[in-house]
Peer 1: 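Structure incoming, see below.
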Amino acid sequence: MVDSLQQTPAAGAGHAEDVERFDAIIIGAGVTGLYSLYRMRELGFSVRAFEHGSGVGGTWFWNRYPGCRFDSESYTYGYSFSEELLQEWDWKEHYSGQPENERYLNYVADKFDLRRHIQLNSHVVSCVFDEDESCWEIHLEDGQRARGQYLITSVGILSAGFIPDFEGIDSFKGKWCHTVRWPKEGMDLAGKRVGVIGTGATGVQLIPEIVKEVAHLTVFQRTANFCAPLRNSPIDDDEQREIKASYPEIFKKCMKTAGSFVHEFDPRSAMEVSPEERLEQYERLWDNPGFGKWLSNFHDIMVPGEANEDYAEFFRNKIRERVNDPVIAEMLVPKDHMFGSKRLPCESGYYEVYNRDNVLLVDVREAPIERITPKGVKTRDAEYELDVIIFATGFDAVTGSLNLLDIHGEGGHTLKDKYAGGPRAYMGIASAGFPNLFTINAASVGNFVRSAEPLVDWVSEAMCYVRDNNFTRITATLEAENAWVDHVNKDGAKILRTQANSWFVGANIPGKARVLLTNPDTAPAMRAKRAEVAANGYEGFLLQ
Ligand code: NAP
């Protein structure tokens with residue numbers, strides 16, 4: 001992992017008297033952390049957010065690699081809680097880039113005066129539940145401690161970067177980095193021989209940008225993906241006015257869809273319409289920007305079968321049309337997983353990169369990487385000499401960022417041990433034996449802000465319920481947790497997301513248990529479930 005576990009202070013070490021106390025400690029000042037801070041403070045809780053980075057923004061602070069941008073429409077990604085914010089902020093592009101997204105989150109932090117509750121450069125290395133005082137104590141790398149009745153982990157699902165355990169990385173004489181730790185000052189790639197390992201959503205955003213400046217690019221691909229043109233463009237003044245006037249409708253639409261995106265599936269079956277009508281829809285969606293190609297299509301595209309395969313072949317042919325050399329085109333055509341079984345990477349000129357003379361595509365499934373050498377990358381078949389290696393090799397998703405926090409619950413048991421066979425959390429947010437801990441990072445998926453806002457609202461209201469009823473602890477029961485894990489495993493097996501080897505099921509990390517790491521339900525179903533739990537007096541939770 002990019003951040004290895006640091007040495008952990010002994011549980012319960014030191015005296016509690018000299019430690020600052022809060023109602024809630026939030027770890028992370030990214031999209032969910034900032035909103036948690038705002039919301040909990042508004043409800044009268046004393047709150048402090050501890051952020052590892054030197055700035056706010058989370059994902060949009062760390063992922064500074066060239067090409068990094070939204071794949072959901074900018075105006076669907078912003079916070080909805082403040083009409084003033086919605087009217088003040090101009091999204092400049094339909095799919096806004098990292099620098100602008102980071103500016104937005106800084107703007108939010110300033111506008112709502114959140115900075116005074118945020119401690120930056122604060123690396124949390126362990127979190128220990130104090131059973132006598134019913135509170136959490138967190139330990140920072142520099143020895144600082146803080147206590148809070150609640151511990152809110154807003155550390156993101158994709159933040160613990162993963163670098164495969166290649167031998168010899170330290171022997172490499174050139175420069176290397178993982179995309180999640182792209183240096184603020186940038187990487188000097190001009191005129192260099194650069195290698196990129198990984199062709200997921202990150203790799204396909206990065207590659208078309210850096211190819212413009214490198215002398216030579218070698219791309220090491222293990223699995224070819226279905227990637228779709230993003231078709232980003234600026235937002236002009238007229239559209240800006242239109243967007244600002246229609247936020248309520250935009251958000252209403254997002255709240256109805258499975259992943260909280262603005263795109264809605266076509267209720268028709270692909271196989272029930274004529275071949276001409278089917279193709280007309282495929283082509284129209286293809287020409288449109290964003291995720292419509294995936295999420296506005298015939299509904300049965302998203303289940304294994306004839307429709308899925310028909311659309312997959314349409315996609316494959318689009319790739320073949322864009323790549324001049326038929327041999328290279330076939331290397332880029334995905335053949336080992338179903339369309340939609342992974343999140344669809346959106347790209348801007350990705351396939352055309354392979355028409356350039358200074359780009360080499362290396363199939364590392366056929367000839368795997370054996371080691372990193374002082375000169376570059378050695379596969380089974382050859383050694384590739386490089387000045388820079390970029391690891392676009394993804395993340396230890398969901399549980400990776402929680403494991404780095406070294407969380408100890410009742411009886412000193414660790415969350416890491418509890419999650420060894422996969423996450424065990426009621427509704428994805430609360431685990432038996434870990435009172436007053438809400439793992440909100442683990443339950444926000446899809447269009448991130450749209451799913452995070454209602455989740456944070458729910459957790460904040462649960463905290464009010466505990467306060468108003470003079471309880472001190474809220475803990476998921478083992479029965480509720482077990483039933484939820486059974487549901488995730490049983491219903492998760494039916495969805496497309498569990499069918500491919502991807503981070504969704506931990507298949508990208510050697511040795512990680514293969515289970516669905518997120519909830520299998522649609523966003524409206526999750527919101528309904530949480531509402532029902534609250535309406536029934538926090539059913540499935542033990543209140544003490
Ligand atoms: P990823 O999808 O996990 O891709 C990692 C890449 O590294 C894959 O191509 C993988 O190959 C390759 N890899 C890993 N280990 C390797 C090894 N030992 N040898 C060779 N290749 C290896 O990670 P990601 O691209 O960072 O994307 C992760 C998620 O982040 C996305 O699914 C998306 O949810 C999010 N994301 C979103 C955006 C956006 O547009 N908003 C942008 C970037 C990322 P295999 O496929 O064979 O495992």
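As the structure lists them, so they are numbered: ligands from 1, and atoms in each ligand from 1.
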Peer 1: Below the 3.5 angstrom mark, is there an N/O of W60, backbone or side chain, next to an N/O of ligand 1?
Peer 2: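 It does not: no N or O of W60 is found under 3.5 Å from an N or O of ligand 1.
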
Peer 1: Could you check whether any side-chain N or O of Y77 sits under 3.5 Å from a backbone N or O of N101, counting only pairs where one atom can act as donor and the other as acceptor?
Peer 2: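 No.
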
Peer 1: If I apply the N/O under 3.5 Å rule, does A201 come out as touching ligand 1?
Peer 2: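 Yes, at least one N or O pair falls under 3.5 Å.
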
Peer 1: Going by heavy atoms, is F504 under 4.0 Å from ligand 1?
Peer 2: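 So F504 does not count as touching ligand 1.
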
Peer 1: Would one find an N or O of T223, backbone or side chain, under 3.5 Å from an N or O of ligand 1?
Peer 2: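 So ligand 1 has an N or O lying under 3.5 Å from an N or O of T223.
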
Peer 1: If the threshold is 4.0 Å, N to carboxylate O, is there a salt bridge linking R320 and E313?
Peer 2: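 Result for this pair is yes, salt bridge flagged.
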
Peer 1: With a 4.0 Å cut-off on heavy atoms, is Q221 in contact with ligand 1?
Peer 2: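 Heavy atoms of Q221 never come under 4.0 Å of ligand 1.
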
Peer 1: Any N or O of N225 that comes nearer than 3.5 Å to an N or O of ligand 1?
Peer 2: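 No: no nitrogen or oxygen of N225 is under 3.5 Å from one in ligand 1.
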
Peer 1: Would you indicate whether the side-chain heavy atoms of I207 and Y354 approach each other to under 4.5 Å?
Peer 2: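 The answer is yes, as the side chains (C-beta and beyond) meet within the 4.5 Å cut-off.
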
Peer 1: Give a yes/no verdict on whether any heavy atom in Y65 is under 4.0 Å from an atom of ligand 1.
Peer 2: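 For ligand 1, residue contact (heavy atoms, under 4.0 Å) with Y65 is present.
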
Peer 1: Quick test: of every protein heavy atom, which one is nearest to atom 1 (P) of ligand 1, and how far off is it to 0.1 Å?
Peer 2: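 Ranked first by proximity to atom 1 (P) of ligand 1 is G394 CA, 4.2 Å.
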
Peer 1: For W503 and ligand 1, answer yes if some heavy atom of the residue is under 4.0 Å from a ligand atom, otherwise no.
Peer 2: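 The answer is yes, since W503 has a heavy atom less than 4.0 Å from ligand 1.
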
Peer 1: Any atom of ligand 1 sitting under 4.0 Å from a heavy atom of C346?
Peer 2: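 The answer is no, since C346 has no heavy atom less than 4.0 Å from ligand 1.
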
Peer 1: Please say which of F265, F261, F70 ends up in a ring-ring contact (aromatic ring centres under 6.0 Å, His included) with F291.
Peer 2: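 Exactly one option meets the ring-ring contact (aromatic ring centres under 6.0 Å, His included) with F291, and it is F261.
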
